[in-house]
Engineer: 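Here it is, the structure in full.
Proteins come first, then strands; the chains are lettered A, B, ... in the order of their sequence lines, and each starts at number 1.
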Amino acid sequence: MVALLQKAVEVLIEQSVLQSEWIPDISVERTRDAQHGNFASNLAMMLAKSAKKSPRQLAEVIITALPEDASVEKVEIAGPGFINFFVNPNSQHEIIADVLRLGASFGKSNIGAGQKIQVEFVSANPTGPLHVGHGRGAVYGSVISELLRAVGYDVANEYYVNDAGRQMDILATSVWLRYLECCGQTFQFPSNGYKGAYVKDIARQFFDRINQDFCFVATEVYDGVPVDEPQGGDKEQHIDGLIIKAQALLGRERYAQIFQEGLTAILADIRADLSAFGVDYQHWFFESLLVEDGSIEDALERLDKAGHLYKKEGATWFASSALGDEKDRVVVRDNGQTTYFASDIAYHMNKLDRGFDERIINVWGADHHGYIPRVRAAMTALGANSDKLDVLLVQFAVLYRGDEKVQMSTRSGDFVTLRHLCDEVGLDAARFFYVMRKSDQHLDFDLKLATSKTNDNPVFYVQYAYARICSVLRQREEKGLSRNSQQGLDNSALLSTDHEISLVGLLARYPEVVERSALKYEPHHLVHFLRDLANYFHTYYNAEQFLVDDAKLRDVRMNLIEAVQQCLANGLALLGVSCPEAM
RNA sequence: GCGCUUGUAGCUCAGCUGGAUAGAGCAUCGGCCUUCUAAGCCGAGGGUCGCAGGUUCGAAUCCUGCCAAGCGUACCA
């Protein structure tokens with residue numbers, strides 16, 4: 001359509017009706033209302049002022065200059081000056097043949113041309129099992145990856161494991177303290193320690209294997225440690241004191257062993273949960289690697305050479321405010337320790353060095369939004385184009401059970417784990433619900449609704465459409481009715497009801513929906529599309545009989561619903577949701 | 001205080017980068033099963049698109065100012 005208008009415009013420029021400098025980007029949009037044809041252009045309205053003609057008059061002129069095209073049935077002027085294109089229905093029907101021929105490839109494209117993209121998501125600290133808050137990022141990241149692959153990008157998923165830093169020391173110490181309980185010691189567990197039952201499990205298993213080798217008397221452990229908050233002290237100082245004590249009493253080797261014990265157990269748990277959730281990674285990247293191989297020093301040196309670092313009050317600062325951040329940031333504390341941000345700078349440098357220099361995607365919790373400018377600044381300072389970094393924010397989901405809000409408290413360790421969620425609502429509903437809404441919006445996740453196997457569950461609505469089609473196709477065979485796909489394609493003109501025309505029209509839009517969802521990182525468009533497609537199908541199903549006596553008509557309809565089936569399957573596959581053949 | 005994000009039907013949300021009469025689901029009400037799965041379909045009601053200005057042929061969409069909510073504003077990770 002754009003090409004047709006382009007030609008018309010060229011003709012009119014030659015005739016001096018228009019001048020080339022007036023011509024905007026010619027856009028053609030799909031119409032919302034079938035009365036307005038299939039496509040519409042606002043070109044005449046855009047040009048009206050410059051051409052000093054009324055939009056409708058100008059539209060008239062443009063239309064007469066339009067070249068003939070077989071796929072266009074008619075062109076009309078409507079409203080304030082829209083040019084509406086009505087597509088020849090027979091050319092629309094070709095989509096059915098396309099879908100059946102392409103099968104699982106229908107909707108895929110090569111827009112990405114094999115460009116490398118790295119998608120990093122979840123990256124939760126390995127200090128406990130994943131909870132429902134992580135689920136949304138997990139599904140969002142994996143669906144984005146699948147979508148980008150579908151449009152031709154070479155996508156690598158990565159999980160950044162924060163296995164260095166204070167939180168991990170708190171975990172190791174928590175495991176040790178629980179282990180001491182296994183040894184029969186009694187004491188007040190620190191209020192800032194990890195209190196979840198999983199820590200006890202890890203400690204118990206460790207105790208069963210190691211027995212008493214790591215055991216110390218509680219009074220010795222707590223001797224000289226600042227008191228905890230409930231006793232009027234500071235919980236941070238208390239836990240830090242315990243960490244130092246653990247390291248001192250156990251010695252380097254044994255401390256490392258118990259540290260490793262907690263880390264591997266929890267990481268195995270996280271991997272298993274994600275895998276069960278349909279999320280798989282190409283690469284697990286460990287923060288400790290950056291510490292060990294000197295990447296952090298390298299990164300800081302690079303920033304320093306480029307003149308981005310300075311010293312103040314004993315600390316080393318990164319002058320990020322010169323690069324768009326609100327203020328400068330500390331990278332080396334006055335005690336000589338590097339900050340988490342320093343690791344992140346090194347990590348991003350590492351990503352660039354590994355060849356992900358075209359596009360890097362980070363999926364973060366929305367509460368980290370303030371962190372974006374400083375990472376962008378770091379990218380720029382490292383000599384990369386910070387536009388290559390896309391940070392996608394995911395808002396937390398709020399769990400409901402019916403009208404009742406489900407309370408989540410990480411501190412007490414009594415949060416809802418991702419595994420619980422999957423057990424309760426199932427993989428399909430969980431994934432579907434998480435990507436149903438725009439990711440940067442709050443999501444109300446209703447457990448009751450997701451588990452309901454009745455009227456109002458959107459997952460089942462879509463799956464039901466698929467199952468119904470399967471059922472019809474099965475019964476065609478069981479009843480011994482003939483099927484000739486080619487005959488169906490040859491007679492596509494028999495598709496004449498409004499339901500059939502809109503269904504065919506919607507199928508044709510699927511590839512653009514995939515493209516849009518992928519390029520804008522908005523999987524919810526795909527979800528909405530699938531709901532619409534299921535809706536159109538259910539309507540059609542109720543309005544027409546498919547297994548009719550007329551063999552030609554039957555073949556045509558079999559082809560149409562099989563194409564719908566294929567499209568639903570392709571879409572659900574991208575979401576990682578299953579297609580049950582019967583419900 | 002400053003920054004980011006958000007405000008659309010009773011509720012939960014779409015709204016395709018400025019288009020035509022603002023759309024779904026849930027909830028409410030009324031219809032449709034002797035024929036391919038009623039986990040479905042059809043219909044009805046329900047809106048000052050937070051408020052007020054501005055930009056233009058045209059604004060839920062862009063700009064400004066208010067109002068309200070969430071998040072962020074560490075030598076934490």
Engineer: Checking contacts here: which listed nucleotide (C75(B), A20(B), C36(B)) is nearest the side-chain heavy atoms of Ala78(A)?
Structural biologist: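 Between C75(B), A20(B), C36(B), the one nearest the side chain of Ala78(A) would be A20(B).
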Engineer: Verify the contact: side-chain N or O of Lys327(A) to OP1 or OP2 of G3(B), cut-off strictly under 4.0 Å; return yes or no.
Structural biologist: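 False: Lys327(A) side-chain N/O out of range (4.0 Å or more) of G3(B) OP1/OP2.
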Engineer: Looking at the side chain of His525(A), which of G15(B), C36(B), C41(B) is the nearest nucleotide?
Structural biologist: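 Nearest to the side chain of His525(A) among the choices is G15(B).
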Engineer: What nucleotide among G19(B), G3(B), A77(B) has an atom nearest to a side-chain atom of Glu29(A)?
Structural biologist: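 Nearest to the side-chain atoms of Glu29(A), counting from C-beta on, is G19(B).
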Engineer: Parallel, tilted or perpendicular for Phe537(A) and Tyr541(A), by the 30°/60° rule?
Structural biologist: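 The arrangement is tilted - the two ring planes meet at 30° to 60°.
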Engineer: Where does RNA chain B pair, written as one dot-bracket string 5' to 3', with Watson-Crick or G-U pairs under 3.5 Å, ( ) inside the strand, [ ] for crossing pairs and | for another strand?
Structural biologist: (((((((..((((.....[...)))).(((((.......))))).....(((((..]....))))))))))))....
Engineer: Nearest of A20(B), C41(B), A24(B) to any side-chain atom of Thr31(A)?
Structural biologist: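 Among the listed nucleotides, the one closest to the side chain of Thr31(A) is A20(B).
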Engineer: Is there a donor-acceptor contact under 3.5 Å linking the side chains of Asn162(A) and Gln167(A)?
Structural biologist: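 Not at all, the side chains of Asn162(A) and Gln167(A) share no donor-acceptor pair under 3.5 Å.
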Engineer: With P as the reference atom in both, quote the distance from G65(B) to G3(B) in angstrom, rounded to an integer.
Structural biologist: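 Here G65(B) and G3(B) have their P atoms 10 Å from each other.
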Engineer: Closest to the Asn125(A) side chain: A77(B), A14(B), G3(B)?
Structural biologist: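 Ranking A77(B), A14(B), G3(B) by closest atom to the Asn125(A) side chain puts A77(B) first.
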Engineer: Could you tell me whether the side chain of Arg554(A) reaches within less than 4.5 Å of the side chain of Ser482(A), counting heavy atoms only?
Structural biologist: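 Counting from C-beta outward, Ser482(A) and Arg554(A) do come under 4.5 Å.
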Engineer: Which way is the base of U17(B) turned, syn or anti, if we draw the line at 90° from 0?
Structural biologist: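 Nucleotide U17(B) adopts syn.
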Engineer: Write down the distance separating the P atoms in U21(B) and C26(B), rounded off to the nearest Å.
Structural biologist: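 Looking at atom P only, U21(B) and C26(B) are 28 Å apart.
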Engineer: Run the ring-centre check on Tyr510(A) versus Phe529(A) and record whether the distance is less than 6.0 Å.
Structural biologist: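 Yes, they do, as the ring centres are separated by less than 6.0 Å.
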Engineer: Out of G19(B), A14(B), A77(B), which has the shortest distance to the side chain of Pro80(A)?
Structural biologist: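 Of G19(B), A14(B), A77(B), G19(B) is nearest to the side chain of Pro80(A).
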Engineer: With rounding to the closest Å, how many angstrom separate the C1' atoms on G47(B) and A22(B)?
Structural biologist: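 G47(B) and A22(B) have their C1' atoms separated by 9 Å.
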Engineer: All N/O contacts under 3.5 Å from nucleotides 8-12 of chain B to the protein, with atom names and distances to one decimal?
Structural biologist:
| from | atom 1 | to | atom 2 | distance (Å) |
| --- | --- | --- | --- | --- |
| U12(B) | O3' | Asp444(A) | OD2 | 3.3 |
| U12(B) | O2' | Arg437(A) | NH2 | 3.3 |

Engineer: Syn or anti for C33(B)? Use the chi torsion, O4'-C1'-N9-C4 for purines and O4'-C1'-N1-C2 for pyrimidines, with syn inside 90° of 0.
Structural biologist: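 Glycosidic conformation of C33(B): syn.
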Engineer: Using the side-chain heavy atoms of Phe460(A), tell me which of these nucleotides is nearest: C75(B), U17(B), A39(B).
Structural biologist: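 Nearest listed nucleotide: A39(B).
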Engineer: Using a strict cut-off of less than 4.0 Å between a Lys/Arg side-chain nitrogen and an Asp/Glu carboxylate oxygen, indicate whether Glu477(A) and Arg483(A) qualify as a salt bridge.
Structural biologist: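 A salt bridge is absent here (no side-chain N lies under 4.0 Å from a carboxylate O).
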Engineer: Would you call the rings of His528(A) and His524(A) parallel, tilted or perpendicular, taking 30° and 60° as the class edges?
Structural biologist: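 Perpendicular.
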Engineer: Between Ser41(A) and Asn542(A), which is nearer to the 5' end of RNA chain B once each is assigned its nearest nucleotide?
Structural biologist: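 On the 5' side of the pair lies Ser41(A).
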Engineer: Which residues satisfy the ring-ring contact (aromatic ring centres under 6.0 Å, His included) test with Tyr347(A), sequence neighbours excluded?
Structural biologist: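 Once residues adjacent in sequence are excluded, the partners of Tyr347(A) under the ring-ring contact (aromatic ring centres under 6.0 Å, His included) criterion are Tyr160(A), Phe285(A).
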Engineer: For Tyr461(A) and A39(B), do the ring centres fall under 5.5 Å apart while the planes stay under 30° apart?
Structural biologist: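 Taking the rule of under 5.5 Å and under 30°, the ring of Tyr461(A) does not stack on A39(B).
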Engineer: Count the heavy atoms belonging to other residues, nucleotides or ligands that lie under 6.0 Å from CD of Glu512(A), then report whether that count exceeds 12.
Structural biologist: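 Yes, CD of Glu512(A) has more than 12 neighbouring heavy atoms, counting only those of other groups under 6.0 Å.
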Engineer: C16(B), C36(B), G72(B): which one has an atom nearest the side-chain heavy atoms of Asp367(A)?
Structural biologist: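 Looking only at heavy atoms from C-beta outward on Asp367(A), the closest nucleotide is G72(B).
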Engineer: Is the aromatic ring of His524(A) within stacking range of A14(B), meaning centres under 5.5 angstrom and planes under 30 degrees?
Structural biologist: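 It does not: the two rings, one from His524(A) and one from A14(B), miss the stacking criterion.
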Engineer: Looking for any heavy atom pair under 4.0 Å, which part of the strands does Glu313(A) touch: base, sugar-phosphate only, or nothing?
Structural biologist: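 The answer is base, as Glu313(A) lies within the cut-off (heavy atoms under 4.0 Å) of a base atom.
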Engineer: Compare the minimum distances between each of C36(B), C42(B), G40(B) and the side chain of Arg468(A), then state the nucleotide with the smallest one.
Structural biologist: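 From the listed options, G40(B) comes nearest.
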Engineer: Considering only side-chain heavy atoms of Ala40(A), which listed nucleotide, A38(B), C75(B), A20(B), is closest?
Structural biologist: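 Given the options A38(B), C75(B), A20(B), the side chain of Ala40(A) is closest to A20(B).
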Engineer: Heavy atoms only, 4.0 Å cut-off, all strands: where does Asn535(A) land among base, sugar-phosphate and nothing?
Structural biologist: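 Asn535(A): backbone/sugar contact only, no base atoms under 4.0 Å.
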Engineer: Looking at every strand, decide which applies to Ala48(A) at a 4.0 Å heavy-atom threshold: base, sugar-phosphate, or nothing.
Structural biologist: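 Answer is nothing: Ala48(A) stays at 4.0 Å or more from every strand.
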